[in-house]
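Just so you know, these numbers come straight off a predicted model, no measurement behind them. Atoms considered below: every heavy atom in the structure, side chains included; atoms not considered: hydrogens, waters and symmetry mates. Letters go in sequence order (proteins before strands), and every chain restarts at 1.
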Number of protein chains: 2
Amino acid sequence: MVGKFQSLYLQLRDDIQRGEYPAGSKLPSESEFCAQLKISRGTLRKALELLAEDGLIHSVHGKGVYVLAANPIAFSFGSLVSFAEVNHSNQLNFVTEVTAFTELQPDVALSQLSGFNQAQILQKIQRVRKLDNERIIFDLNYFASGLISGLTPAIASNSIYNYIEEQLHLKIGFARRTIQVEMASALDKQNLDLQAFDLVVVVRNWVHLNDGQLFEYTESRHRPDRFVFTEFVRRR
Amino acid sequence: MVGKFQSLYLQLRDDIQRGEYPAGSKLPSESEFCAQLKISRGTLRKALELLAEDGLIHSVHGKGVYVLAANPIAFSFGSLVSFAEVNHSNQLNFVTEVTAFTELQPDVALSQLSGFNQAQILQKIQRVRKLDNERIIFDLNYFASGLISGLTPAIASNSIYNYIEEQLHLKIGFARRTIQVEMASALDKQNLDLQAFDLVVVVRNWVHLNDGQLFEYTESRHRPDRFVFTEFVRRR
DNA sequence: ACTCATTTGTTCGTATGTATG
DNA sequence: GCATACATACGAACAAATGAG
């Protein structure tokens, strides 16, 4: 199921993070490297492409492939990863609490904002993320019940994405995301330790299955002082 | 100089945006398409890969390649594009004013934050971006004078990136970016029409040449109500 | 200024694997 | 089972950038 270039990508990523190829050093040349690994050059280059998207390496025409850093972007929300995945990799003192778990049909406003049809039944989940016992993220999730069946509060307090992929064997395809700053709502003030802040950072996610169907709309509402977004960008 | 797959990418992107392939429709199958275009399948797939990164299309194994939207992400800051490029593509009523233009050597704090060596001479540029005559973005740029020579206020009021690529023939490689919310500084209050807001959204960019050298550190400081960030993410 | 070896970038052709209906 | 379509892998050749001599 997993291809050669993907496992090579994971292997190399691990090697870089373990310091086998320190930042600033050069990888073996492509021809040398694929001779060592006994794979074709195209396969090696596909693995390198993924590493470059992560900001771990950078290829320079005529010179070689340089290692940029051991850990550039992995700690952030740069890729399409869930909170649980980030949490796990970061080892921070995060706690997730499910504060509401109900089914509903969207009203006009929610339907417009989310993109869900008004006829669709949605599983609404409210979760609060605590860091060092301070409530700093308030998550409002809406999942299409018709697509994501069998959700429970227990799953919601763990990792919903793991459940979707491992238990339901559904494939997640793509997502659109926006980041904006908005006035804190009454619900925000109820669910977050906002201190004196009257603004929140709102990250909206529209997530689709591999076949294109929208299955999730989520608002992550952050206390502004604890919000950081990092990404790595390559010129095209 | 530009490859086959890149010009094909630009062509197809234009076709999609012109509505030749409407959202929801399917592209011709890969084998059919590359027979039409008289190119190899690998080349076609590289062009499709770029379109998929833009969020314009989505491939489904065994089914086909679907068009997602005519204009998903182009309007935002998702890719490594400069303000002038965004402005141009958006046709909005933006005006850029250069409010300061000086050379300096970084102190310890700036050196640490920017990543520039204290010995490097930097060209500091302050610019204000107005939308409908309101000052909503305050840009603080630092360029390494040793790498980017000949900058003038006139260039700064137009497009510095265009100058770097077209005049100096330097290649831009990659960048790291963070987005955070911070207290508005005295300088912010001086340069922005902040109304009652006491917070600003700070986008920091560390931009490197193709050979890896850091040539720019920039802070874009936004009035929070006018800030939007959009991106398209694919699961890997 | 030029040549040359090295290295990454692009393109092609072919074959096989795997998901979909 | 079958045809269709996308995904992966390999090998080969040539182009273009780089740096050394």
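The side chain of B:Arg45 has D:dA7 as its nearest neighbour among C:dT10, D:dA7, C:dA19. With D:dA7, C:dG21, C:dT8 as the choices, the nucleotide that has an atom nearest any side-chain atom of B:Lys63 turns out to be C:dG21.
Distance A:Lys46 NZ to D:dC10 P: 10 Å, rounded to the nearest Å. Rounded to whole Å, the distance from NE2 on A:His58 to C1' on C:dG9 is 13 Å. Regarding B:His169, its NE2 atom lies at a distance of 13 Å from the P atom of D:dT18, rounded to whole Å. Rounded to an integer number of Å, the gap from OH of B:Tyr66 to C1' of D:dA5 is 10 Å. The separation between A:Asn210 atom CG and D:dA7 atom C1' is 12 Å, rounded to whole Å. Look at CD1 on A:Ile57: it is 10 Å from P on C:dT8, rounded to the nearest Å. One can place CG of A:Leu170 at 15 Å from C1' of C:dA19, the figure rounded to the nearest angstrom. One can place CZ of A:Phe5 at 8 Å from C1' of D:dA7, the figure rounded to the nearest angstrom.
In the region residues 26-42 of chain B, proximity to DNA chain D at under 4.0 angstrom, judged on heavy atoms, holds for B:Ser29, B:Glu30, B:Arg41.
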Q: Before giving the answer on side-chain contact (heavy atoms from CB on, under 4.5 Å), spell out for B:Glu231 and A:Glu231 the whole-Å C-alpha distance, their side-chain angles and the decisive distance to 0.1 Å.
A: CA-CA 11 Å; B:Glu231 74 171 352; A:Glu231 74 171 351; 3.1 Å; yes

(Q) Does B:Val207 form a side-chain contact (heavy atoms from CB on, under 4.5 Å) with B:Thr218? I'd like the steps, not just the answer. (A) CA-CA 8 Å; B:Val207 193; B:Thr218 288; over 6 Å; no

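Scanning atom types as modelled, one donor and one acceptor separated by under 3.5 angstrom connect the side chain of A:His61 and the base of D:dA16.
For the pair A:Ser111 (side chain) and A:Asp107 (backbone), a donor-acceptor distance under 3.5 Å is absent. Here the side chain of A:Lys26 pairs a donor or acceptor atom with the backbone of A:Lys63 at under 3.5 angstrom.
The minimum heavy-atom distance linking B:Tyr21 with B:Pro28 is given by the pair CE2-CD, 4.2 Å.
Exactly one residue among B:Phe174, B:Tyr217, B:Phe116, B:Phe215 makes a ring-ring contact (aromatic ring centres under 6.0 Å, His included) with B:His208. That residue is B:Phe174.
Between A:Lys171 and B:Gln6, the residue whose closest nucleotide on DNA chain C is further toward the 5' end is B:Gln6. Position along DNA chain D of the nearest nucleotide to A:Gly62 versus A:Thr43 favours A:Thr43 as the more 5'-ward residue.
One finds a side-chain N or O of A:Lys4 lying less than 4.0 angstrom from the OP1 or OP2 phosphate oxygen of D:dC10.
By the 4.5 Å heavy-atom criterion applied to side chains, A:Ile160 and A:Arg127 are counted as neighbours.
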